[in-house]
Amino acid sequence: MRYIRYAVLGALAIALVSVALANRSVVELKLMPSALAELFGFNFTIALPLFAVVLGGVGAGLVIGFLWEWLREHKHRSEAAQKTREARRLNREVSKLKKQKNEGKDEVLALLEDAG
């Protein structure tokens, strides 16, 4: 399975490098359309290779998607943490009650009684 993963990652790397080499031309990114920029009096522009724009967009989309999912699943994580705390509390309470119940008894008899 490890070799399959390496093969897929290698194929992905080759594809990304070939896309990067094929799209090396520089493009200019503008913050606003020209008409809106004239209204405000400024327009931030940056010149980048096309592959950087495409791969940056894919990367930004992945980061935004992962962040969105993490925020969306917050209620499930908090509920799981609460259930874990409750289970630990109940386990401590059961252990305490068993200890009180078997206090003064022979250890072997207490173990046999708990098992049954």
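Residues Glu93 and Arg89 are paired through a salt bridge, judged by an N-O separation under 4.0 Å between the basic side chain and the carboxylate. Arg72 and Glu69 are joined by a salt bridge, as a carboxylate oxygen and a charged side-chain nitrogen come within less than 4.0 angstrom of each other.
With values rounded to the nearest 0.5 angstrom, Ile14 atom CD1 is found 11.5 Å from Leu9 atom CG. Taking OG of Ser34 as the start and CG of Leu39 as the end, the distance is 12.5 Å to the nearest 0.5 Å. Between atom OG of residue Ser25 and atom CZ of residue Phe51 there is a gap of 10.0 Å, rounded to the nearest 0.5 Å. Distance check, rounded to the nearest 0.5 Å: CG of Leu97 to CZ of Arg92 gives 13.0 Å. Expressed to the nearest 0.5 Å, how far CG of Leu31 lies from CZ of Phe44 amounts to 8.0 Å.
Across Thr45 and Lys30, no two heavy atoms sit closer than the pair CG2-CG, 3.5 Å. Of all heavy-atom pairs between Pro49 and Arg24, the closest is CB-O, 4.0 Å. Annotation for Val53 and Leu48: closest pair CG2-CB, 4.0 Å, computed over non-hydrogen atoms.
Within the 4.5 Å cutoff, the side chain of Gln82 has heavy atoms near those of the Arg85 side chain.
No more than 12 heavy atoms of other residues, nucleotides or ligands sit less than 6.0 Å from atom NE2 of His74. Counted within 6.0 Å of CZ on Arg77, heavy atoms from surrounding residues, nucleotides or ligands total more than 12; the atom is thus considered enclosed.
Ring geometry for Phe40 versus Phe42: interplanar angle of 30 to 60°, hence tilted.
Judged by distance alone, with hydrogens and angles left aside, the side-chain atoms of Asn43 form no donor-acceptor pair with the main-chain N or O of Ala37 at under 3.5 Å.
In terms of the side-chain hydrogen bond (donor to acceptor under 3.5 Å, both in side chains) criterion, Arg88 has no residue partners (sequence neighbours excluded).
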- Message: Quick one, Val54 with Val19, criterion side chain to side chain contact (heavy atoms under 4.5 Å, CB included). Give me CA distance, side-chain angles, the key distance, then yes/no.
- Response: CA-CA 10 Å; Val54 172; Val19 166; 5.6 Å; no
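Hydrophobic clustering (ILVMFWY, side-chain heavy atoms < 4.5 Å, transitive): Leu55 and Val63 are in distinct clusters.
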